[in-house]
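Just below is one structure, and these are the notes that go with it.
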2 protein chains.
Amino acid sequence: MSKKSPPMSPQQIKTVARMFKVLGDPTRLAILKMLFDQPLTVTEMVDALEAKQANISKHLGMLHDAGLVSRERNGNQVTYAICEPMVFDLCQLVCCKLQKDAVQQAKDMGIKASALR
Amino acid sequence: MSKKSPPMSPQQIKTVARMFKVLGDPTRLAILKMLFDQPLTVTEMVDALEAKQANISKHLGMLHDAGLVSRERNGNQVTYAICEPMVFDLCQLVCCKLQKDAVQQAKDMGIKASALR
DNA sequence: TCATTAAATTGCCACATAGCAATATGGAAA
DNA sequence: TTTCCATATTGCTATGTGGCAATTTAATGA
């Protein structure tokens, strides 16, 4: 017997693709990575990433639209926070894979463990 | 004490983003979904997805470059297969989230369980 | 060799989007 | 109100890429 994956409509697949696409940008990942540690205001992120405020704001908008971060206004400024823990797991999975690949590649090239210390 | 996420170089972040970007296309996800069940030839996928051979071939090339699928030539045809189980987990995570969202939204709208049968 | 089938590649067009600069909006303080 | 600061939005350009059509490459068989 062959195990079948659950049926998915084209619309569902599109939705999943949209989620991955939002995660598929370095700046947005950098934003999420900072937010893993703590909620931050836009200015704090702009400063940390040395990026233009307009771009950070746009990326934050996309992350918010995708339901990955929450937005809270505090007087003059807006604080963002991760509101979807899944994101952490997703990044974790990919990072682990890349790390394993790197280790494997090092082995393939005959690099000794001592050289990595 | 605040838990810090592990340090990551811009280069590493780019690599992760690249991985998500590859997953961020509906056609590629549809291909992966079919390959979850079993290895397939290009023609089989073209037929199943009712897509152009050139496009499927291009998408398969990207999936292969990303190290997600393996490629094996058998005489005249080429068979592809998932070679990175992580992909399955990634899709699983996103699908679960979307499903939970849908359930929550149904609840919010006061839809009764009986209406979903 | 030539013909046939499978797959990959190339050139093209249309569209999405990342970054930049400038402007608009929104809230707080003077 | 007026001013100032933080954030969002808009217009723009450049780049990437998805799909299509046409061609090329690779393997098999006549």
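Protein chains get the first letters and strands the later ones, always in sequence-line order, with residue 1 at the start of each.
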For this session: Choose from dA22(C), dA18(C), dA8(C) the nucleotide whose nearest atom is closest to any side-chain atom of V78(B).
Result: dA8(C)
For this session: For M45(A), report the nucleic acid contact type (base, sugar-phosphate, nothing); a contact means any heavy atom under 4.0 Å.
Result: nothing
Seminar exercise, completed: Considering only heavy side-chain atoms of S57(A), the closest of dA16(C), dT7(D), dC20(D) is dT7(D)
Exercise. Taking atom types as they are modelled, is there a donor-acceptor pair under 3.5 Å from the base of dT28(D) to the side chain of N76(B)?
Worked result: no
Seminar exercise, completed: Rounded to whole Å, the CG-C1' distance (L60(A) to dA18(C)) equals 14 Å
Exercise. Is the base of dA8(D) touched by the side chain of Q53(A) through a donor-acceptor pair closer than 3.5 angstrom?
Worked result: yes
For this session: Round to a whole Å and report the spacing from CG of D25(B) to P of dT17(C).
Result: 12 Å
Exercise. In terms of ring plane angle, is the pair Y80(A) and H64(A) parallel, tilted or perpendicular, where the classes change at 30° and 60°?
Worked result: perpendicular
For this session: Using only side-chain N and O atoms of H59(B), determine if any of them is under 4.0 Å from OP1 or OP2 of dG19(D).
Result: yes
Problem set entry | Given dA18(C), dA22(C), dA6(D), the nucleotide with the shortest approach to the side chain of A54(A) | dA22(C)
For this session: Give the rounded distance in Å between these two atoms: CG of D47(B) and P of dT5(C).
Result: 14 Å
Problem set entry | Nearest-Å distance for atom pair CG/P, residues N74(A) and dA6(D) | 14 Å
For this session: Ignoring backbone atoms, test whether R71(A) places a side-chain nitrogen or oxygen under 4.0 Å from the OP1 or OP2 oxygen of dA8(D).
Result: yes
Problem set entry | Per K52(B) side chain, nearest of listed nucleotides dC20(D), dA8(D), dA6(D) | dC20(D)
Seminar exercise, completed: Taken to the nearest whole Å, CD/Q77(A) to P/dC4(D) is 19 Å
Seminar exercise, completed: Here the distance between atom C1' of dA18(C) and atom CG of L63(A), to the nearest Å, is 14 Å
For this session: Ignoring the backbone of K58(B), work out which of dC20(D), dA18(C), dA21(C) is nearest its side chain.
Result: dC20(D)
Exercise. So, is R18(B) near the phosphate of dT17(D), with a side-chain N or O under 4.0 Å from OP1 or OP2?
Worked result: yes
Problem set entry | Inter-residue atom distance T27(B).OG1 - I13(A).CD1, 0.5 Å rounding | 9.0 Å
Problem set entry | Closest nucleotide among dA8(C), dA7(C), dA21(C) to the Y80(B) side chain | dA8(C)
Seminar exercise, completed: Ranking dT17(D), dA8(D), dA8(C) by distance to the side chain of K21(B), first place goes to dT17(D)
Exercise. If you round to the nearest 0.5 Å, how far is CD1 of I31(A) from CG of L68(A)?
Worked result: 11.5 Å
For this session: Measure the distance from NZ on K14(A) to P on dA16(C) and round it to the nearest whole Å.
Result: 11 Å
Problem set entry | Point-to-point distance, once rounded to the nearest 0.5 Å, from CG of L35(A) to CG of L40(A) | 5.5 Å
Exercise. When you check the phosphate oxygens OP1 and OP2 of dG18(D), does a side-chain N or O of R28(B) lie under 4.0 Å from one of them?
Worked result: yes
Problem set entry | Inter-residue atom distance M19(B).CE - L29(A).CG, 0.5 Å rounding | 12.0 Å
Exercise. Could you state the CD1-P distance from I56(B) to dT9(C), rounded to the nearest angstrom?
Worked result: 15 Å
Problem set entry | Distance below 4.0 Å between T27(A) side-chain N/O and dG19(C) OP1 or OP2 | yes
For this session: With side chain to side chain donor-acceptor pair (under 3.5 Å) as the test, would you mind laying out the steps for T15(B) and Q12(B) before giving the verdict?
Result: CA-CA 5 Å; T15(B) 307; Q12(B) 286 174 303; over 6 Å; no
